[in-house]
Engineer: 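This is the structure, below, for whatever I ask next.
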Amino acid sequence: MLTEFYLSLAHYFQFMVDFNRFTLTNGLRVLVHEDDTTPMAVLNILYDVGARDEEGDKTGFAHLFEHLMFGGSINIPSYDEPLQRVGGENNAFTSNDITNYYITLPAVNLETAFWLESDRMLSLAFSEKSLETQRNVVCEEFKQRYLNQPYGDVWLKLRPLAYKNHPYQWATIGQDLKQIEDARMEDVKAFFKKHYNPQNAIMVVGGNVKTEAVKALAEKWFEPIPAGDKYLRNLPQEAIQTEARKETVKADVPLNAIYMAFKMPERRDPEYQCYDLMSDVLSQGHSSRLYNSLLKEQQLFSDIHAYITSSIDQGLFVIEGKLVEGVSVEKAEAAIWVELNKIRVEEVTAEEITKVKNKSESIMVFAEMSLLDKAMNLAYYELLGDAAGLNTEIDKYLAVTPSRILQAAKSTFVKEQCSTLYYLTAQDV
């Protein structure tokens, strides 16, 4: 009954996210989504820079910049104050691929967002005090989230195990706390000049706005900003993995855990949706394969998940699980491989694929009800090649067949191509 509800809701709300597009003379791409059903507006700026664009001895810079961008610009020393006065809110996030900033505020006050975002793109305030403050904030985050909590450093260890050449080998926070501590002003300024410019950004404005008015504001506030120097991204690529990689970590954690990472195609690859659905078949909900077999029936794991990193370049298909106390790592790992071998030798059932497609469809439909989600998604799909891809994404999921999932599983779940991290409690080492 719930599946039927999702389906009917999805088809009822199936609509195109309309948008208009123009490009300023300095290369800034601007998309406008008009929605007069809300009094609000959102201004979202995606910068085409993430942790993958860092140098190996200067990691964590993209994330550090997320913090520095809120430290004030030359003409606006306090970023939050003027925004709060007009009823606005803001935030940002950094990934290995992108850095994204957004403001939501009443549409009548939209120009305040243009003023704030354009000034820090043009003239971010570089002061030793701001750098020191934000560096300390990031260092504290590094310690609290990655070093001082159970399993917190998993990705600091799993990434370099899975990647040997590509800069995905380090996490967004950086690979070494000392590199953030040693960040110098000249390095920070060079990073900003290279990546934070109009031709390396995509701006989406959505809500109770008109394209003509947005264009006038964009030309007023952003067009005077110099385009910046064009650079070509040329990242080192991974060789095909031909030997299984394993690493064991001993730590003060409550339960033993296993993390298994397999390479998967990049986000733009036509088979990407197969991998997303395959991860759902394995671990989406209590009727999924891993949950049913390894947690419920065999009671080997206290929790287990399969998911993908959705990276723009070659990503990872990850299986992670925490073992039930007393279960050996060898037994638990062997049980995972039994399930992986099943999905790579026999097609998933019609019922399984229908369930995960319905779930994916409902998630996408509900996401399009949020103005901010629409703005962020339009920016991301524009980065992938065309914002219009947002309107056809669900069709790609619905077109996935059991045979395509079988082929994806066959090419992926190979022991020689697996990077396994054993995260063990102190007493089990």
Side-chain angles (χ1 to χ4, degrees), residues 21-32 41-50 53 61-86 88-94 98-105 109-135 183-206 209 213-231 375-376 379 382-383:
R21 180 197 284 120
F22 59 88
T23 303
L24 300 183
T25 55
N26 57 14
L28 177 65
R29 286 174 278 174
V30 183
L31 284 71
V32 183
V42 58
L43 188 150
N44 187 92
I45 296 186
L46 181 155
Y47 287 94
D48 184 11
V49 56
D53 296 298
F61 270 52
H63 178 249
L64 176 61
F65 250 96
E66 177 195 322
H67 289 262
L68 283 172
M69 287 284 275
F70 291 100
S73 54
I74 290 177
N75 300 306
I76 311 170
S78 173
Y79 182 88
D80 288 327
E81 240 177 66
L83 186 59
Q84 289 169 354
R85 284 201 301 267
V86 296
E89 296 179 348
N90 71 89
N91 214 326
F93 62 87
T94 311
I98 66 171
T99 309
N100 193 86
Y101 300 85
Y102 57 88
I103 293 175
T104 58
L105 75 176
N109 297 325
L110 179 61
E111 189 162 8
T112 298
F114 274 84
W115 170 55
L116 288 168
E117 287 294 344
S118 63
D119 200 63
R120 66 177 178 177
M121 181 187 285
L122 172 66
S123 51
L124 188 67
F126 291 104
S127 70
E128 289 292 348
K129 180 181 178 181
S130 176
L131 177 57
E132 182 65 21
T133 298
Q134 299 306 326
R135 185 165 48 200
R184 300 175 301 173
M185 182 61 74
E186 55 263 40
D187 297 327
V188 168
K189 286 184 176 180
F191 193 85
F192 179 82
K193 182 180 179 182
K194 181 177 182 180
H195 299 290
Y196 282 78
N197 55 61
Q199 66 177 351
N200 204 46
I202 299 168
M203 181 167 69
V204 178
V205 181
V209 300
V214 170
K215 187 173 184 181
L217 288 171
E219 290 172 348
K220 174 183 177 181
W221 291 104
F222 283 92
E223 201 152 52
I225 302 174
D229 298 326
K230 188 69 177 176
Y231 77 95
M376 289 194 293
E382 182 71 7
L383 179 67

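Please read these numbers as outputs of a predicted model, since none were measured by experiment.
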Engineer: Mark yes or no: R120 above the aromatic ring of F70, with NZ or CZ under 6.0 Å from the six-membered ring centre and no more than 45 degrees from the axis.
Structural biologist: yes
Engineer: Drop me the distance from T23's OG1 to M203's CE, to the nearest 0.5 angstrom.
Structural biologist: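 Answer rounded to 0.5 Å: 11.0 Å.
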Engineer: If you compare all heavy atoms of G72 against all heavy atoms of L124, which two are closest, and at what distance to 0.1 Å?
Structural biologist: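 Closest pair (atom of G72, atom of L124, distance): O-CD1, 3.7 Å.
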Engineer: In terms of side-chain heavy atoms, does E117 have a donor or acceptor partner in Y102 at a distance below 3.5 Å?
Structural biologist: no
Engineer: Is the shortest heavy-atom distance from the side chain of V205 to the side chain of F114 under 4.5 Å?
Structural biologist: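 When only atoms from C-beta onward are counted, F114 and V205 do touch, with a gap below 4.5 Å.
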Engineer: Taking the six-membered ring of Y231 as reference, does the NZ or CZ atom of K194 fall below 6.0 Å from its centre and within a 45° cone about the axis?
Structural biologist: yes
Engineer: Under the side chain to side chain contact (heavy atoms under 4.5 Å, CB included) rule, what do T94 and L64 come out as? Steps first, then yes or no, please.
Structural biologist: CA-CA 9 Å; T94 311; L64 176 61; over 6 Å; no
Engineer: Side-chain contact, heavy-atom cut-off 4.5 Å: Y47 with N100?
Structural biologist: no
Engineer: Is the distance between the ring centroids of F192 and F126 less than 6.0 Å?
Structural biologist: yes
Engineer: Quick check for you: to the nearest 0.5 Å, what is the distance between E223 atom CD and L217 atom CG?
Structural biologist: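 That separation rounds to 12.5 Å.
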Engineer: Enter the distance from E128:CD to E132:CD here, rounded to the nearest 0.5 Å.
Structural biologist: 8.0 Å
Engineer: Which atom pair, heavy atoms only, marks the closest approach of L131 to L68?
Structural biologist: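 Residues L131 and L68, closest heavy atoms: CA-CD2, 3.9 Å.
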Engineer: When you compare the side chains of T99 and E66, does any donor N or O come within less than 3.5 Å of an acceptor on the partner?
Structural biologist: no
Engineer: What distance do L110 atom CG and I103 atom CD1 have between them, rounded to the nearest 0.5 Å?
Structural biologist: 9.0 Å
Engineer: Is the shortest side-chain heavy-atom distance between Y79 and D119 below 4.5 Å?
Structural biologist: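 Side-chain contact under 4.5 Å: no.
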Engineer: Hey, what do you get for CD (E81) to CG (L116), rounding to the nearest 0.5 Å?
Structural biologist: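 Between atom CD of E81 and atom CG of L116 there are 11.5 Å.
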Engineer: Are the side chains of W115 and N75 in touch, meaning some heavy atoms are under 4.5 Å apart?
Structural biologist: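 Answer no - side chains too far apart.
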Engineer: Does any part of the side chain of I225, heavy atoms only, come nearer than 4.5 Å to the side chain of S118, both counted from C-beta?
Structural biologist: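 Touching, per the 4.5 Å side-chain cut-off.
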Engineer: Evaluate R29 against E382 for side chain to side chain contact (heavy atoms under 4.5 Å, CB included), listing each step before the verdict.
Structural biologist: CA-CA 9 Å; R29 286 174 278 174; E382 182 71 7; 3.8 Å; yes
Engineer: Measure the spacing between NZ of K129 and CD of Q134 and express it to the nearest 0.5 Å.
Structural biologist: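 Reported to 0.5 Å precision, the distance equals 11.5 Å.
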Engineer: May I ask you to test the N44-Y101 pair for a side-chain heavy-atom distance under 4.5 Å?
Structural biologist: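 No, every pair of side-chain atoms sits at 4.5 Å or beyond.
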Engineer: Would you name the heavy atoms of I98 and F93 that are closest together and state the gap between them?
Structural biologist: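 Minimum heavy-atom separation between I98 and F93: CD1-CE1, 3.9 Å.
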Engineer: Taking C-beta and beyond as the side chain, do Q199 and L28 meet within less than 4.5 Å on heavy atoms?
Structural biologist: no
Engineer: State, yes or no, whether a side-chain contact exists between L83 and E89 at a heavy-atom distance under 4.5 Å.
Structural biologist: no
Engineer: What are the two closest non-hydrogen atoms of L105 and G88, and how far apart are they?
Structural biologist: CB-CA, 3.7 Å
Engineer: Tell me, with the steps shown, if M121 and Y196 meet side chain to side chain contact (heavy atoms under 4.5 Å, CB included).
Structural biologist: CA-CA 6 Å; M121 181 187 285; Y196 282 78; 5.6 Å; no
Engineer: Test your reading of the model: is there a side-chain donor-acceptor pair from R135 to the backbone of A183, 3.5 Å cut-off?
Structural biologist: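 Yes: the side chain of R135 pairs with the backbone of A183.
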Engineer: For S73 versus S123, what's the shortest heavy-atom pair and its separation?
Structural biologist: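 What the structure gives for the nearest pair is CB-O, 3.3 Å.
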Engineer: Looking only at atom types and distance, does a side-chain atom of D48 sit under 3.5 Å from a main-chain N or O of A201, one as donor and one as acceptor?
Structural biologist: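 Here the side-chain-to-backbone pair does not exist.
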Engineer: Look only at the side chain of N200 and the backbone of N197, and say whether a donor-acceptor pair between them is shorter than 3.5 Å.
Structural biologist: no
Engineer: For E219 and L24, work out which heavy atoms get closest and say how close.
Structural biologist: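 Shortest heavy-atom contact: CG-CD2, 3.9 Å.
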